[in-house]
There are 2 protein chains.
Amino acid sequence: MEQLKNDLRQCGLRVTDQRLAVYDWLQKNPVHPTADVIWQALLPRYPNLSLTTVYNTVNALAEHGLIRTVTIDRAEQRFDGDVDDHGHFHCRLCGRITDFPIDPEDVKGMLPKGFIPEQCDVFVKGLCAACAH
Amino acid sequence: MEQLKNDLRQCGLRVTDQRLAVYDWLQKNPVHPTADVIWQALLPRYPNLSLTTVYNTVNALAEHGLIRTVTIDRAEQRFDGDVDDHGHFHCRLCGRITDFPIDPEDVKGMLPKGFIPEQCDVFVKGLCAACAH
DNA sequence: TGCTAAATTGTAATCGTTACAAACAACAAC
DNA sequence: GTTGTTGTTTGTAACGATTACAATTTAGCA
């Protein structure tokens, strides 16, 4: 938790209970949640927490690279506490999101000359191992 | 244009002026447009064209694999007449989207055992060659 | 030519997200 | 500690891309 506080401070963000709660929850729950899911999960412990604050917080964290945004369904934004490069697999049957390791160098090798990549997203749709059996 | 008609018919979709116009425009304008952009572009020639019809059409075309959807900015859906596998590069300075070739086999090789991919999306953010100079 | 199911149209609704202004709290200086 | 400044939180209202809906029109076929 001290680490999280330092992360916030190093980004020039003030340390607040709400931010710590959101950040900490994302670290411990790698489920690619929407803002609403985070809000629902924290409400019991923070009854005054506003959904707006959750949005403000995840936007601030994402802007400073402390978390990443994931677009699985265009209709809603999801967030990911894991900022290391990795791919996302979306099973069209069970709907589950599975992370898988990628080598960003492989992806960067696909780019035309002169292009400078800063963030790679690899997103695959299909059938997961369980649903394909 | 005959080809486009056949594409529609083979998907069990009726051939209408509106669908042909949208489909044809997407083929000839590889600019990853939003529904609104398509609508604005076609309005001069089809003054009665409804934005709803553009949405209906791109959704129908995408559902049958005749076009693909691209999510560059989560806030709005874009469409791509090129259904072959390729990556999208989004320059954070000029905002331009550049297509680049990918080898889907490379991407599939990153997946865990047993996972069956059906569609791959590779999306890279950074600086394009022109902006990086 | 007429029938029927599908497509188009315009309007109204939906819903995730953001704008805004007032109340509050972090944190640095004293 | 106390204070002051500035950033943050909160609730509500607005926003905007997309979709639902019902009435009208049209494609495709007998």
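Order of the sequence lines fixes the chain letters, A, B, ..., with proteins taken first and strands second; residue numbering starts at 1 for each chain.
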Practice task
Following the transitive rule for hydrophobic clusters with a side-chain heavy-atom cut-off under 4.5 Å over Ile, Leu, Val, Met, Phe, Trp and Tyr, establish whether B/Ile116 and A/Leu93 coincide in one cluster.
Solution key: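 B/Ile116 and A/Leu93: one cluster.
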Look at [X] and [N] and indicate whether a side-chain polar atom (N or O) is within less than 4.0 Å of OP1 or OP2.
X       : N      : answer
A/Arg19 : D/dT8  : yes
A/Tyr55 : C/dT18 : no
B/Thr16 : C/dT8  : yes
B/Asn59 : D/dT19 : yes

Using a 4.0 Å heavy-atom cut-off across all strands, classify [X] as base, sugar-phosphate, or nothing.
X       : answer
B/Ala60 : nothing
B/Asp36 : nothing
A/Thr52 : base

Exercise for the section: Name the closest nucleotide to the B/Thr53 side chain, picking from D/dT10, C/dT9, C/dC27. Expected result: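 Nucleotide nearest to B/Thr53's side chain: C/dT9.
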What integer distance in Å separates [X]:[atom1] from [N]:[atom2]?
X       : N      : atom1 : atom2 : answer
A/Leu51 : D/dT9  : CG    : C1'   : 13 Å
B/Gln18 : C/dG10 : CD    : C1'   : 14 Å
A/Arg74 : C/dG16 : CZ    : C1'   : 10 Å
A/Glu76 : C/dT17 : CD    : C1'   : 12 Å
A/Leu13 : C/dC27 : CG    : C1'   : 14 Å

Problem - Single hit among A/Thr98, A/Asp80, A/Thr71, A/Asp121 for side-chain hydrogen bond (donor to acceptor under 3.5 Å, both in side chains) with A/His88 - result: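 One option only clears the test, and that one is A/Asp80.
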Problem - Nearest-nucleotide comparison on DNA chain C, the residue closer to the 5′ end among A/Thr34 and A/Arg9 - result: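 This one resolves to A/Thr34.
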Exercise for the section: Verify whether the ring centers belonging to A/Phe89 and B/Phe115 lie closer than 6.0 Å. Expected result: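 Yes, the ring of A/Phe89 comes within the 6.0 Å limit of the ring of B/Phe115, centre to centre.
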Handout entry: Toward the 5' end of DNA chain D, by each residue's nearest nucleotide, B/Arg78 or B/Asp17
Key =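 The residue mapped nearer the 5' terminus is B/Arg78.
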